[in-house]
Amino acid sequence: MSDTPNYQTALETPPLFSDAAAHKVRELIVEENNPNLKLRVYISGGGCSGFQYGFTFDEDSAEDDVAVVKEGVTLVVDPLSLQYLMGAEIDYSESLHGAQFVIRNPNAKSTCGCGSSFSV
């Protein structure tokens, strides 16, 4: 049996969207005055560890995107990124060091110091 994540197993453990992250996304959507916006989380090649996380707002979602709705806010993930985000938690954190979205990814074998890139 392979440990390589795939789309079918990823559907069984979609990303968790924390209350804090959903609340912050809702605030940002209200500021943009566009209720059709969704938070898209994606993985791309790069960063100091091989893969990096990306966040963007998107009005559209593809047919094969996975959508997680919380507090009336939608998080969407494309199938390729979902393979690396299965079981991950998308959270929002504020501290003396600043405020940022944080991904706690159980699939990451290592992460860089700033937490924006990882390896599997």
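FYI, side chains are in, hydrogens and waters are out, and symmetry mates aren't considered; it's all heavy atoms of this structure.
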Tell me the ring pair (Phe, Tyr, Trp, His ring centres under 6.0 Å) pairs involving residues 87-107, sequence neighbours left out? Phe55-Phe101, Tyr92-Phe101

May I ask you to decide if Met86's main-chain N or O and Asn107's side chain share a donor-acceptor pair within less than 3.5 Å? yes

Ignoring hydrogens, what is the shortest heavy-atom contact between Pro106 and Ala88? Give both atom names and the distance. CD-CA, 3.6 Å

For the student: nearest non-hydrogen atoms of Val77 and Pro15, plus distance: CG2-CG, 4.1 Å

Indicate yes or no: at least one non-hydrogen side-chain atom of Leu85 is less than 4.5 angstrom from one of Pro14. no

Counting C-beta onward and ignoring hydrogens, is there a side-chain heavy-atom pair between Ser81 and Val41 closer than 4.5 Å? no

Nearest 0.5 Å please: distance from the [atom1] atom of [X] over to the [atom2] atom of [Y].
{"X": "Ile29", "Y": "Leu39", "atom1": "CD1", "atom2": "CG", "result": "7.5 Å"}
{"X": "Ser61", "Y": "Asp78", "atom1": "OG", "atom2": "CG", "result": "11.5 Å"}
{"X": "Ile103", "Y": "Leu16", "atom1": "CD1", "atom2": "CG", "result": "12.0 Å"}

With salt bridge (Lys or Arg N to Asp or Glu O under 4.0 Å) as the rule and sequence neighbours excluded, what pairs involving residues 89-101 come up? Glu89-Arg104, Asp91-Arg104

Contacts under 3.5 angstrom, residues 66-76 side chains, donor-acceptor by atom type, not counting sequence neighbours:
from  : atom 1 : to    : atom 2 : distance (Å)
Lys70 : NZ     : Phe17 : O      : 3.1
Lys70 : NZ     : Asp19 : OD1    : 2.9
Glu71 : OE1    : Arg26 : NH2    : 2.7

Can you sort out the partners of Lys24 under salt bridge (charged side-chain N to carboxylate O under 4.0 Å, His left out), two or more places apart, ordered by chain and number? Glu27

List for me each residue that meets ring-ring contact (aromatic ring centres under 6.0 Å, His included) alongside Phe57, sequence neighbours excluded, and say none if there are none. none

Would you sort out whether Gln52 and Ile43 count as a side-chain contact (heavy atoms from CB on, under 4.5 Å), showing the intermediate values? CA-CA 6 Å; Gln52 60 187 1; Ile43 305 294; over 6 Å; no

What pairs meet the side-chain hydrogen bond (donor to acceptor under 3.5 Å, both in side chains) rule with one or both residues in residues 33-43, with sequence neighbours excluded? Asn34-Glu59, Arg40-Asp58, Arg40-Asp65

